[in-house]
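As the structure is a computational prediction, the values presented were derived from the model and not from experiment.
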Amino acid sequence: MRYTGILFLITCAPLVWSQPVQLDAAVSDPSSLIGLTLDGLVSRFGLPQSVHAVRGIETWQDDVVFVYEDQGFYVYRNRVWQIEIKTAYGIRIGDPFGRVSQLLDGALYFDTYLLYTLPSRDWPITLRVNFDQSQAVSTIFIYRSDF
């Protein structure tokens, strides 16, 4: 299991404890947050509301997730590789499938989610929109698709 994120949080907490949490609710392109280092993440957003581990099928797929009010940052080896977010690119949790499909022309559709390739930065970036049984958006992820 990776302890890098938790160790960083413990050792740096006194330095940032007094700083208010500043969430970027209006980030115009949330994919720009992919690749942030732990230092950059905490400097930009402050301490998270919570931190937890997400186990993958393989041990190298384990992540530490820094959870803030409107987003969760999945960290691997000191960098954000995936973001779970409540709204992005005009899509919000609860939106119907039809609205999302109109916004994301060219998306790949699967049974319970769709994938849409975003403009690349230093690596390929993908938007994943998951749908619940009523075909409403249940989760939104932005991630490095080469990971």
Side-chain angles (χ1 to χ4, degrees), residues 1-6 8-9 12-13 16 19-147:
M1 182 169 176
R2 290 183 217 121
Y3 295 100
T4 307
I6 295 170
F8 174 84
L9 186 61
C12 295
V16 295
Q19 296 177 358
V21 174
Q22 297 176 1
L23 297 176
D24 277 344
V27 171
S28 60
D29 183 5
S31 73
S32 67
L33 301 172
I34 301 292
L36 277 177
T37 63
L38 283 176
D39 184 42
L41 180 64
V42 173
S43 293
R44 187 165 180 173
F45 295 97
L47 290 175
Q49 291 175 335
S50 66
V51 176
H52 66 272
V54 173
R55 300 302 305 231
I57 296 171
E58 301 289 331
T59 56
W60 65 268
Q61 295 173 321
D62 295 350
D63 293 302
V64 174
V65 183
F66 284 59
V67 179
Y68 293 88
E69 184 177 332
D70 292 324
Q71 52 216 354
F73 294 91
Y74 290 66
V75 176
Y76 175 72
R77 292 192 178 209
N78 194 36
R79 290 211 179 255
V80 173
W81 78 273
Q82 176 172 270
I83 301 167
E84 182 176 353
I85 196 164
K86 293 183 180 180
T87 182
Y89 310 110
I91 302 165
R92 295 184 181 281
I93 300 296
D95 281 350
F97 175 84
R99 181 177 189 289
V100 175
S101 64
Q102 287 177 342
L103 288 172
L104 300 178
D105 186 36
L108 298 174
Y109 297 93
F110 298 90
D111 289 338
T112 58
Y113 64 95
L114 64 79
L115 299 176
Y116 184 78
T117 302
L118 295 170
S120 288
R121 294 186 178 281
D122 294 331
W123 38 71
I125 304 284
T126 298
L127 171 68
R128 178 179 172 136
V129 180
N130 293 347
F131 297 94
D132 61 20
Q133 292 177 344
S134 68
Q135 291 297 300
V137 174
S138 60
T139 48
I140 301 168
F141 292 101
I142 300 166
Y143 64 95
R144 280 185 61 170
S145 53
D146 64 340
F147 232 62

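Residues G94 and A136 approach most closely at O-CB, 3.7 Å, considering heavy atoms. G90 and L103 make their closest contact through O-CD1, 3.5 Å (heavy atoms, listed as atom of the first residue, atom of the second, distance). The nearest pair of heavy atoms linking R92 to D95 is N-OD2, 2.8 Å. Residues E69 and K86 share a closest heavy-atom pair of O-NZ, 3.4 Å. Residue S120 comes nearest to I125 through the heavy atom pair OG-N, 4.5 Å, listed as atom of the first residue, atom of the second, then distance. Taking every heavy atom of both residues into account, F110 and L115 meet most closely at CE1-CD1, 3.8 Å.
Of the possible polar contacts, none joining the Q71 side chain to the Y68 backbone as a donor-acceptor pair under 3.5 Å is found. A distance-only check finds a donor-acceptor pair linking the side chain of R79 to the backbone of G35 [under 3.5 Å]. Checked by atom type and distance alone, the side chain of Y74 never pairs as donor or acceptor with a backbone atom of E84 at under 3.5 Å.
In this structure, F97 has its ring center under 6.0 Å from that of Y109. Between Y116 and Y89, the gap from one ring centroid to the other reaches at least 6.0 Å.
Inspection of the T37 and D39 side chains reveals no N or O donor paired with an N or O acceptor under 3.5 Å. Side-chain polar atoms of D132 and S138 form no donor-acceptor pair below 3.5 angstrom.
In this structure, the side chains of F131 and T112 stay at 4.5 Å or more apart for every pair of heavy atoms. Considering only heavy atoms from C-beta on, F66 comes within 4.5 Å of V64 through its side chain. The side-chain heavy atoms of I91 and L127, taken from C-beta on, include a pair separated by under 4.5 Å. By the 4.5 Å heavy-atom criterion applied to side chains, Y113 and T139 are not counted as neighbours.
Within a 6.0 Å sphere centred on CG of D105, other residues, nucleotides and ligands contribute 12 heavy atoms or fewer. Heavy-atom contacts from other residues, nucleotides or ligands closer than 6.0 Å to CZ of R121 number more than 12.
For the atom pair CG of D29 and CD1 of I142, the computed distance is 7.5 Å after rounding to the nearest 0.5 Å. Atom CD1 of I85 sits about 7.0 Å away from atom OG1 of T87, to the nearest 0.5 Å. Here T126 contributes atom OG1 and L114 contributes atom CG; the two are 11.0 Å apart, rounded to the nearest 0.5 Å.
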Let me see the working for V80 and L33 under side chain to side chain contact (heavy atoms under 4.5 Å, CB included), right down to the final yes or no.
CA-CA 7 Å; V80 173; L33 301 172; 5.6 Å; no

